[in-house]
Amino acid sequence: MSLSLIANWKLNGSKEFNHHWALEFFRNFNGNNYSSIGIAPASLYIDHLKAVLADHDIMVGSQNIDMEQTGARTGEISASMIKDLGCAFSIVGHSERRILFHETNHMICQKLIQANNNSLIPILCIGESADENQRNNTYKVLEEQIIEALGNANELSSLIIAYEPVWAIGSGKTPNPEEINSVHEMIKDVVQSRFPKIDLESVLYGGSVNLKNASYLFEQKNIDGALIGGASLDGREFALIANVLKEQSV
Ligand code: 13P
C-alpha cells in the first residue's frame, strides 16, 4: 500500500510536541503497516521527529521544497537536503503556498522535477477557490492546474495528487463524498490520458477531514486516502483516522 494518510502539521510543533504526539499516536494506532502513513512537520524538526519515531517506519516528509538545487536563495531548503535527512516525500504546491507565497504552476512544475530528481515522492496539491466552486468551474480549474504543473514534469517515477478545495481547508466544510469521488476520477483520467509516463500512485483528499467524516470519505472508490491538517495535530485522532482507513481498505 502506498502512502495514503499524511499529516500536514503546517506552522505548528516543537520537540515537546513531537514526543507527546508520538506517545498518543502509538497508544491508539492498532495497525502494523506504518509505511502508508506520512508526517510533514516543519522542516526544522524533521531530524528530531525521525529520532522520536525511532524504529517505526512512518514516512517523514517536508511541507515544501525549493525549485532550485543550490544557489544564492537565502532561507530556502532543497529537495536534496530533504532527501539527505532521510525523507520519503514532499508536499508541493499547497494552496497556502500558492496564495500566501505566490507560487505559480510554473514554479510548482520545477519543484516536482526537483523532487523526482532526488527520489522524493511529490504530493501535488490542487484545488479550487470558493468562488470558482460556486461558478461551477471546479473541473476546469483543476484540469488547468494539473496540465500546467505537470507540463515539463511529464516523466515522474511517482506522483501523489491531493485534491484540496481551498474553501474546505480549516473551515469544517467539505464537498459531499460522492462529489469528491467524481473529482478524483476526473483527476486520474486526466493524468493517465495526458501524462502516460507519470506513475500516479494515488489521489488523496484534503480539507476538514476528521474522525467524524473519515469513514464516509474512505468508503468512496476513488478516495485513496487523506492529507490532514488540523485533525493531524492530535496524535490520538490521527491514529483513530488511520485505524478507520486500515479497516476500510481490507
Ligand atoms: P485541514 O485538515 O485543517 O482542513 O487542512 C487541510 C490541509 O490543508 C492539509 O494540507
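In listed order, ligands and their atoms are each counted from 1.
Near S208, with a cut-off below 4.0 Å to any heavy atom, the atoms of ligand 1 are 1 (P), 2 (O), 4 (O). Within ligand 1, counting atoms from 1 as listed, the ones closer than 4.0 Å to a heavy atom of G207 are 4 (O), 6 (C). Under a 4.0 Å criterion applied to the non-hydrogen atoms of E164, ligand 1 contributes the atoms 6 (C), 7 (C), 8 (O), 9 (C), 10 (O). Every atom of ligand 1 is numbered from 1 in the order shown, and the set under 4.0 Å from a heavy atom of G230 is 1 (P), 2 (O), 3 (O).
Remark: K221 does not engage E185 in a salt bridge, criterion side-chain N to carboxylate O under 4.0 Å.
Taking the six-membered ring for Trp and the full ring otherwise, the centers of W21 and F238 sit less than 6.0 Å from each other. Less than 6.0 angstrom separates the ring centroid of F29 from the ring centroid of Y34.
When the options A40, A231, G229 are ranked by their closest heavy atom to atom 2 (O) of ligand 1, first place goes to G229. The closest heavy-atom contact to atom 10 (O) of ligand 1, among the options K10, E96, H94, comes from H94.
Among the atoms of L227, none of the N or O lies under 3.5 angstrom from an N or O of ligand 1.
No side-chain heavy atom of S232 sits under 4.5 Å from any side-chain heavy atom of N8.
Partner of N105 under the side chain to side chain donor-acceptor pair (under 3.5 Å) criterion, out of R98, E144, Q145: R98 alone.
Residue contacts with ligand 1, taken as heavy atom pairs separated by less than 4.0 Å, involve N8 solely via side-chain atoms from C-beta onward.
Residues F26 and V52 are members of separate hydrophobic clusters, defined by side-chain heavy-atom contacts under 4.5 angstrom among Ile, Leu, Val, Met, Phe, Trp and Tyr.
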